[in-house]
Asks: 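Structure provided below as structure tokens; questions to follow.
Values in this document were obtained by computation on a predicted structure and should not be read as measured data.
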Amino acid sequence: MILRAFKNKGGRSLYLCIVKGVALVQFLLFLLAPRAYATETHRDTVVVDGHVLHITASVEIDTIKAKIEKSSFWSWMEDAEFRTYTRAGSEIGGDPVIDNYFYRVKSNYRFGELGLDVSHPFKESFQLFYTFGVSSSLAKNFKENEVDINAIGFIWENTELLQIIAVDDPLQNELDTLSVPINNNPLFKLSVGAEWRGVMRGARGWVWGGQIEWFPIKSDRAFLYSAPTNPKEWDDITSDSTFDIVRNETSSLQLRAYTSWSPWNFPWFLRAEMCWSPNIISSSVVLGYMW
């Protein structure tokens, strides 16, 4: 029995020694294996069963999206400012519209003038801008070719304007009336100029500027004369002598100076203007909107 116990005790001791030895070897492998692998492998690699795993792939890197370059036109549009407006004015001085002997037809604007302007800073300036635009309106236009061949003059009473027609009669010519060929035709105008603003572009405040304006189709003035009161003179009157077209009173070019004001960063603006052209000076008021 003693011998059997000794054998059992010795067996357990041997078993424990083997277990401890295996554990020690595993521990040493745990410590030494990474170092061995580290010396034999490369950085940023994957090792499977002691072999380096090579992966081949197509990779597209998009870390920072490249800035899309705008065309010169769209770069210009970003700094441009558009304005729409309506203008109403009147001529200063000049011959009166109605006299005892004539009626003066002026191509002044009717129902207001509508326009569109574009302004853009000179290079990097926030004070000096250049402008260009287009405007149109309805204006009076006397149709000289449509005057009746038997007209001997014109008559005006209050707001009514008529041409007097002599109707042949064996005893004495009879008189009749027709409407005067005056129409409201579109009048177009192109402009280019410059203006100065305050230091801060957003706070527009007061703006001073000037423009040169050009009429592709120039309008003329007309003087319509009254008919003679003596019937004996009616036979000697020709229709083309009943009016005069004054072509040198108007010009295709005119100069306009203005000053406008708008509240702080407010799109609406109010503008006062003076306009000069040969023999004509006019003033006007403008109400507009900018964006």
Side-chain angles (χ1 to χ4, degrees), residues 83-99 101-118 131-148 151 153-163 178-193 209-226 239-240 242-258 260 269-289:
R83 298 175 295 195
T84 56
Y85 60 86
T86 178
R87 174 185 289 130
S90 62
E91 184 177 329
I92 300 175
D95 295 328
V97 176
I98 298 178
D99 191 77
Y101 303 102
F102 67 84
Y103 181 92
R104 184 170 180 244
V105 180
K106 300 192 302 182
S107 295
N108 56 325
Y109 292 112
R110 306 293 302 277
F111 314 111
E113 179 184 1
L114 299 178
L116 171 65
D117 281 354
V118 181
T131 65
F132 57 90
V134 60
S135 61
S136 64
S137 178
L138 293 178
K140 286 182 179 180
N141 187 23
F142 176 70
K143 303 289 187 180
E144 54 183 302
N145 296 328
E146 298 181 10
V147 176
D148 192 275
F154 298 86
I155 185 173
W156 43 90
E157 296 179 357
N158 298 326
T159 58
E160 187 177 14
L161 179 63
L162 300 172
Q163 56 179 326
L178 291 175
S179 60
V180 178
I182 296 178
N183 299 329
N184 291 320
N185 293 340
L187 187 64
F188 295 96
K189 180 175 56 180
L190 303 176
S191 64
V192 60
Q211 292 178 335
I212 297 176
E213 301 176 338
W214 174 63
F215 295 90
I217 301 177
K218 183 179 74 72
S219 61
D220 298 323
R221 301 294 177 91
F223 285 88
L224 311 183
Y225 301 110
S226 59
S239 59
D240 57 357
T242 60
F243 61 88
D244 280 329
I245 304 298
V246 185
R247 304 188 187 279
N248 60 353
E249 188 173 327
T250 58
S251 174
S252 297
L253 296 176
Q254 62 184 16
L255 176 64
R256 184 179 303 275
Y258 60 85
S260 66
F269 66 91
L270 189 64
R271 191 162 76 187
E273 302 177 336
M274 291 290 295
C275 188
W276 294 268
S277 64
N279 303 319
I280 299 176
I281 299 176
S282 61
S283 62
S284 57
V285 177
V286 171
L287 177 64
Y289 183 87

Asks: Which value, rounded to the nearest 0.5 Å, describes the distance between Thr84 atom OG1 and Tyr289 atom OH?
Replies: 8.5 Å

Asks: Answer whether the closest heavy-atom distance between the side chains of Asn184 and Lys140 falls below 4.5 Å.
Replies: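 With C-beta onward as the side chain, the pair touches.
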
Asks: If every non-hydrogen atom of Ser239 is compared with every non-hydrogen atom of Phe243, which pair is closest and at what distance?
Replies: O-CE2, 3.5 Å

Asks: Under a 4.5 Å cut-off applied to non-hydrogen side-chain atoms, are Thr242 and Gln163 in contact?
Replies: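 No, side chains not in contact.
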
Asks: Would you say the side chain of Leu255 lies within less than 4.5 Å of the side chain of Ile212, judging by non-hydrogen atoms?
Replies: yes

Asks: Between Lys189 and Arg256, is any pair of side-chain heavy atoms under 4.5 Å apart?
Replies: yes

Asks: Give me the atom names and distance for the closest heavy-atom approach of Ile92 to Met274.
Replies: CD1-CE, 4.0 Å

Asks: Should Phe142 and Ile245 count as side-chain neighbours, where that means a heavy-atom distance under 4.5 Å?
Replies: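 Yes - at least one pair of side-chain heavy atoms lies under 4.5 Å apart.
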
Asks: Nearest 0.5 Å, what's the OG-CG distance between Ser136 and Leu114?
Replies: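 Rounded to the nearest 0.5 Å, the OG-CG separation comes to 6.0 Å.
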
Asks: Let me confirm one number: the CD-OG distance from Glu273 to Ser284, rounded to the nearest 0.5 Å.
Replies: 3.5 Å

Asks: Output the distance between atom CD1 (Ile280) and atom CZ (Arg221), rounded to the nearest 0.5 Å.
Replies: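 These two atoms lie 3.5 Å from each other.
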
Asks: Of the non-hydrogen atoms in Trp156 and Phe154, which two are nearest, and what is the gap between them?
Replies: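 The answer is CZ3-O, 3.7 Å.
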
Asks: Taking the side chain as C-beta and beyond, is there a heavy-atom pair between Asp117 and Ser191 under 4.5 Å?
Replies: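 Contact flag for Asp117/Ser191 side chains = yes.
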
Asks: Can you tell me how far apart OH (Tyr85) and CD (Glu113) are? Round to the nearest 0.5 Å.
Replies: 5.5 Å

Asks: Any side-chain heavy-atom pair from Val286 and Tyr258 closer than 4.5 angstrom?
Replies: no

Asks: Going by heavy atoms in the side chains, are Leu161 and Leu224 under 4.5 Å from each other?
Replies: yes

